[in-house]
Protein chains: 4
Amino acid sequence: MVTKRDMILEAGIKVFSQKGYHHAKMEDIAVAAGIGKGTIYEYFSSKLQLFQEIMEAGLRQYQESVSTEKISQMGIAERIQKITAGHFYFCQNYKELSRILFWDTDIIDDELKDWFYNKRKEKEGVLEDLIRESIRSGELREVDAKLVTLMIGGILGQIWMPIVLEGWEAEAESTAWQITDLIMNGIVPST
Amino acid sequence: MVTKRDMILEAGIKVFSQKGYHHAKMEDIAVAAGIGKGTIYEYFSSKLQLFQEIMEAGLRQYQESVSTEKISQMGIAERIQKITAGHFYFCQNYKELSRILFWDTDIIDDELKDWFYNKRKEKEGVLEDLIRESIRSGELREVDAKLVTLMIGGILGQIWMPIVLEGWEAEAESTAWQITDLIMNGIVPST
Amino acid sequence: MVTKRDMILEAGIKVFSQKGYHHAKMEDIAVAAGIGKGTIYEYFSSKLQLFQEIMEAGLRQYQESVSTEKISQMGIAERIQKITAGHFYFCQNYKELSRILFWDTDIIDDELKDWFYNKRKEKEGVLEDLIRESIRSGELREVDAKLVTLMIGGILGQIWMPIVLEGWEAEAESTAWQITDLIMNGIVPST
Amino acid sequence: MVTKRDMILEAGIKVFSQKGYHHAKMEDIAVAAGIGKGTIYEYFSSKLQLFQEIMEAGLRQYQESVSTEKISQMGIAERIQKITAGHFYFCQNYKELSRILFWDTDIIDDELKDWFYNKRKEKEGVLEDLIRESIRSGELREVDAKLVTLMIGGILGQIWMPIVLEGWEAEAESTAWQITDLIMNGIVPST
DNA sequence: GATGAATGAGCATTCATTCAT
DNA sequence: CATGAATGAATGCTCATTCAT
């Protein structure tokens, strides 16, 4: 069942992603949700708190999309492909939400900023450990794990743009494989 | 000579990068520039225009840092390394400015957003052409030029973070080479 | 039998006296009465009307406490003592109510203000007549009846404070006699 | 010179005394002062702070009006007369201000309330000491100093009403003497 | 040119009141 | 009768911008 709370969250995602946090008026969100302005405050204590909830819920959903934990017997290439494909799916299916999560990282509130930054670091930490592990096992060559993590993170972050802003309708699975290939094998011709 | 206009731009960079566009007050900028609030309006017509000028000037300066046009006889690896190193230099030397350019891309104004997005596409177009050219010449294997461009762009964008937020003091030249190596040769062990 | 209406009045007295008219929320009163917010409106048409009813009922109750009409054969000193003692009783037994009546006379509504002011004038009129009568009969010396009325009214009004705010537990009857003595005989030593 | 700050205080006194704290809008005050809404905030940080300043300044001015400290060789009767006359003057000349100080003691802010209450207690303390002293010296008979203090305070508080609300234009000096006479000698005929 | 006092549009939030259940 | 979710009018406060000096 779609609760009124969900309707507000949905409306918040739409309005925040279109106008950004500061230009989004509570009234806009209320109108988008088809309710009165005051009703929002029955479910959320403030504009900031509504935004935070959207961020948290969005991040939770995103985590699920890119999680590879269930399949622990996976090689590093498969993992990178899974993460990439999951990211693709998420961006394509939750364009507005992904806009909020990956693009409009404005300074809204210091605490929120820190929270979000730490979430990101945490996520990167997992990936970095994975890479370090793969180097140790010989699956990967002796590369700088931190740099590789940044590289992968950057690619994912960048890919959001053409998908959401230009409506790039790439096929997630195969494109994810292409990207994985690039990361794994580089771009020079194999000798 | 440092004109009063430059002082304001400088102050704007500092304040905007610390507080973000919306939390930066014109008065803060005036104080940071050591002048009166009204004086800013002698040189810039509005807060938005001041911000735009900062963006434009910043982007111009950035272009110079990462430009490889002068040395046109360069191989693709050298070019990627030069761009990366230039990016590094820029981020390390203009931390505040780079924060504005690469991080706080809030929805401030639709026109500004479009303008900035187009600048980025333009820059990417140059890189994409370069890659296409290199594929044609056999320097690179048959990869998706667009994906590779996104990849490189993403890496550069991501690298900003640890430098500015965590004070990562990497040696630009050699780190740029490491990154170039990753892009060129991937991360799997060479067979 | 305690009707629901009475419960609301009771709750209103408590909440209004604790928070004042403007800071008292209808919901606070509903909670204090152990009922739903909407139910108040079944018995009172508005917040203001609820307040008015409390004032009216309070004033009626107060009138009874200080009334000396039944015993019309009473001397002026006895009357003053009775009024004072009645006032004492009322303040001690209905602290919250007396706070509303004698202290928080905020400008809530012009009509209410006028109504309350007239009630007061009316009450003072009775006292003033009484004093005038006593002067005529020689019970009192040739004093300004209006001033004496103000004096007595002021003393009663002031006495509320230490009782309610500081929990002054004076014995009503004897204290009322002391006050009467002060009013009657003044404070200079008898020659 | 009448500064803009003073104009705002003046306007605040007028509007607060007419409408009460809660019904007074910042815009009303601005209009009354003939200035823009935002200008008030150049001089006062909030509505509450503006009100506090009015209270403080008013009380300071009141203290001066009723002070008898300079003339320490005064008998108790003269003192009471001076205080009463000062109170009269103040109420007649600063009707609006006195309305705020002596009448609309709404629950606006707990801290403010406490502050005001303490000021009052303090003032009463001085008077009470004075009375106790006069009892010791034999100027007054053995009365309850606290009760007498309440009595005098109550009379003064009450006198405000007819002056401000009904425009009672009594001659301050002589009326103060009448009141003093009542307090000193009571209302019964001298034997 | 330079200034900063003055301005008022704009917005988050509160809460008395309504009404469908 | 009783309820409480929904509402929107009302208002304190911010800050980009103006303009008299």
Side-chain angles (χ1 to χ4, degrees), chain A residues 3-5 7-8 21-31 33-51, chain B residues 3-5 7-8 19 21-31 33-51, chain C residues 3-5 8 21-31 33-51, chain D residues 3-5 7-8 21-31 33-51:
Chain A
T3 65
K4 190 153 293 197
R5 198 169 193 284
M7 284 167 57
I8 296 170
Y21 182 80
H22 285 101
H23 286 117
K25 297 180 226 169
M26 290 304 263
E27 187 154 27
D28 295 338
I29 296 169
V31 169
I35 58 169
K37 199 164 22 135
T39 309
I40 299 176
Y41 290 88
E42 297 284 326
Y43 299 91
F44 303 92
S45 62
S46 70
K47 185 182 182 182
L48 182 58
Q49 201 239 323
L50 170 58
F51 190 74
Chain B
T3 65
K4 191 160 288 196
R5 197 170 195 284
M7 286 167 56
I8 296 170
K19 311 198 175 187
Y21 182 79
H22 284 101
H23 287 116
K25 300 181 212 168
M26 289 302 264
E27 185 153 28
D28 295 338
I29 296 170
V31 168
I35 56 168
K37 207 183 346 166
T39 309
I40 299 176
Y41 289 87
E42 296 286 327
Y43 298 91
F44 304 92
S45 63
S46 71
K47 185 182 184 181
L48 182 58
Q49 201 239 323
L50 169 59
F51 189 73
Chain C
T3 65
K4 191 160 291 197
R5 197 169 194 286
I8 296 170
Y21 182 80
H22 284 101
H23 287 116
K25 299 179 212 167
M26 289 303 264
E27 184 153 30
D28 294 339
I29 296 169
V31 168
I35 57 168
K37 205 180 351 163
T39 309
I40 299 176
Y41 289 87
E42 296 287 326
Y43 299 91
F44 304 92
S45 63
S46 70
K47 185 182 183 181
L48 182 59
Q49 200 241 322
L50 170 59
F51 189 75
Chain D
T3 65
K4 190 154 293 195
R5 198 169 193 284
M7 287 167 56
I8 296 170
Y21 182 80
H22 284 101
H23 286 119
K25 296 180 226 166
M26 289 305 263
E27 188 156 26
D28 294 338
I29 296 170
V31 168
I35 57 169
K37 196 170 19 139
T39 309
I40 299 175
Y41 290 89
E42 296 285 326
Y43 299 91
F44 303 92
S45 62
S46 70
K47 185 182 182 180
L48 182 58
Q49 200 239 322
L50 170 58
F51 189 74

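No hydrogens, no waters, no symmetry mates; every other heavy atom, side chains included, goes into these values. All values derive from a computational prediction rather than experimental measurement. Quick note on labels: first sequence line is chain A, next is B, and so on, each numbered from 1.
Two residues, D:Ile35 and B:Gly34, neighbour DNA chain E, and the one matched to the more 5' nucleotide by heavy-atom proximity is B:Gly34.
One finds the NZ atom of A:Lys4 at 11.5 Å from the CD1 atom of A:Ile40 (value rounded to the nearest 0.5 Å). Considering NZ of B:Lys37 and CG of B:Asp28, their distance stands at 10.5 Å, rounded to 0.5 Å. With rounding to the nearest 0.5 angstrom, the OH atom of B:Tyr43 is 7.5 Å from the CD1 atom of B:Ile35.
Applying the ring pair (Phe, Tyr, Trp, His ring centres under 6.0 Å) criterion to A:Tyr21, with sequence neighbours excluded, gives A:Phe16, A:Phe51. With sequence neighbours excluded, no residue satisfies side chain to side chain donor-acceptor pair (under 3.5 Å) with D:Lys25. Contacts of B:Tyr41 classified as side-chain contact (heavy atoms from CB on, under 4.5 Å), with partners at least two apart in sequence or in another chain: B:Met26. Applying the side-chain contact (heavy atoms from CB on, under 4.5 Å) rule to C:Ser45 yields the partners C:Gln49; only residues at least two apart in sequence or on another chain are considered.
As a whole-Å value, the separation of D:Lys4 NZ from E:dT7 C1' is 10 Å. For A:Asp28 and E:dA12, the CG to C1' distance is 13 Å, given to the nearest whole Å. B:Gln49 has its CD atom 14 Å from the C1' atom of F:dA16, to the nearest Å. For the pair A:Phe44 CZ and F:dA5 P, the interatomic distance rounds to 15 Å; values are reported in whole Å. When the P atom of E:dG4 is taken as reference, atom CD1 of B:Ile40 falls 12 Å away, rounded to whole Å.
Pairing analysis of DNA chain E (Watson-Crick: purine N1 to pyrimidine N3 plus N6-O4 or O6-N4; G-U wobble: N1-O2 and O6-N3; both under 3.5 Å) yields stems of 3 or more pairs at E:2-21 with F:2-21.
Taking 4.0 angstrom as the limit, A:Tyr43 places none of its side-chain polar atoms (N or O) nearer than this to OP1 or OP2 of F:dA5.
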If a protein heavy atom is under 4.0 Å from the base, mark B; if only from the sugar-phosphate, S; if neither, -; do that for nucleotides 16-21 of chain E going 5' to 3'. SBB---
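The aromatic rings of B:His23 and A:His22 stand perpendicular to each other, their planes meeting at an angle above 60°, with 30° marking the opposite boundary.
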